[in-house]
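A quick write-up on the structure given underneath.
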Amino acid sequence: MHTSRFTSAASTLLVGGVLCAWLSPRSTLAAKSALSAREIMDQVTVTRKLDGSEAVIKMSSVDEKGQSREREITMATKLYDGGKTEKRIYRFLSPADVQGTGILVFDYETKADDVWIYLPALRKTRRIVSSQRAQSFMGSEFSYGDLNIPALDDFNYTLVKEESFGGEPCWVIDLLPKSKETGDAEGYSKKTYWVSQAKQAVVRGLYYDKDGKLLKELVAQDLKLLDPKNKRYRAMHMEMINKQNGRRSVFESKKVTFAPNTKDEYFTTTYLERS
């Protein structure tokens, strides 16, 4: 992935319960929406997938004292296996201490993702195992798991209510891990998403730690229709706020290109290690 190739291109990054008895308010809500919580999340997963994309992204992290650190990243994505696998590659352009660092992700629909990170100072690629997806993405408040599409079968879903957020009528959905292993790997006991009914995309998320206390809040803004034919949206601005330590991180797409013909060679460990 050459810098010149990607600075003229660009996309952005940024994730079935049984409802209560049919007489319950939640069941009535499900009937009103005509979709179950799991069906809504299925559509969210589809809506965020582009056949291919290229991007330049600014990642900003602000600590509890208000001090900011910025990094510039290029990213490319492409779908494989009939859309069941999304491959992504990130390359850090600046500052100098992270320049050349690369991350390759194979984001699978029904199994644990594969993630590799290349560290140029060590000239070494290491693999991040699925049990480490709660690990911070390059020191930000986003984890690797936050940026990937979760395996939907690993969670139970509940449609809680309908509520507007940022002017968008939304479904509010709780996600609970089915197993302790999933919860430990994700680092969360529960996630709650606000899903835009018009765009079928997440506009807000609340993430609870293993003790059930609110840990982080996600706010996704400027949802852009990148593929009008298939109604595929991406948030151009995503902010993750840590409610426990006061830190926050922002991913802002500076340039965006819908690029279904993105080169396959980008999504290999060989290319990951190329200077």
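Remember, it's a predicted structure, so these values are computed and weren't measured experimentally. Counting begins at 1 with the first residue of the sequence.
Y193 has its ring centre no less than 6.0 Å from the ring centre of W171. Ring centroid separation for the pair F137 and F142 does not come in under the 6.0 Å cut-off. A distance below 6.0 Å separates the ring centres of Y188 and Y207.
Between the S164 side chain and the G167 main chain, no donor and acceptor come within less than 3.5 Å of each other. N148 contributes no side-chain N or O that, together with a main-chain N or O of D107, makes up a donor-acceptor pair within less than 3.5 Å. With hydrogens and angles ignored, the 3.5 Å screen pairs a side-chain donor or acceptor of K78 with a backbone N or O of T262. Of the possible polar contacts, one joining the S249 side chain to the E141 backbone as a donor-acceptor pair under 3.5 Å is found. Under a 3.5 Å cut-off, the side chain of K190 and the backbone N or O of D174 do not form any donor-acceptor pair. In this structure, R133 contributes its side chain and G187 its backbone to no donor-acceptor pair below 3.5 Å. Judged purely by atom type and a 3.5 angstrom limit, R248 has no side-chain atom pairing as donor or acceptor with the backbone of N242. Between the side chain of E39 and the main chain of S36, a donor-acceptor pair closer than 3.5 Å is present.
Rounding to the nearest 0.5 Å places CG of L50 at 11.0 Å from OG1 of T257. Between atom OG of residue S140 and atom CG of residue L147 there is a gap of 6.5 Å, rounded to the nearest 0.5 Å. Note that the OH atom of Y90 and the CD1 atom of I73 stand 8.0 Å from one another [nearest 0.5 Å]. To the nearest 0.5 Å, atoms CG (L35) and CD1 (I40) are separated by 5.5 Å.
The aromatic rings of F155 and Y157 are tilted relative to each other, their planes meeting at an angle between 30° and 60°.
Residue D264 comes nearest to Y80 through the heavy atom pair OD1-OH, 2.6 Å, listed as atom of the first residue, atom of the second, then distance.
Side chains of R48 and I149 form a contact here, defined as non-hydrogen atoms less than 4.5 Å apart. When side chains are defined from C-beta on, E72 does not count as touching K58, because their heavy atoms never get closer than 4.5 Å.
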Please determine whether salt bridge (charged side-chain N to carboxylate O under 4.0 Å, His left out) holds for the pair D153 and R38, giving the CA-CA distance in whole Å, both sets of side-chain angles, and the decisive distance to 0.1 Å.
CA-CA 9 Å; D153 288 341; R38 170 58 191 262; 3.0 Å; yes
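Checking E162 against Q197 by side-chain atom types alone, a donor-acceptor pair falls below 3.5 Å.
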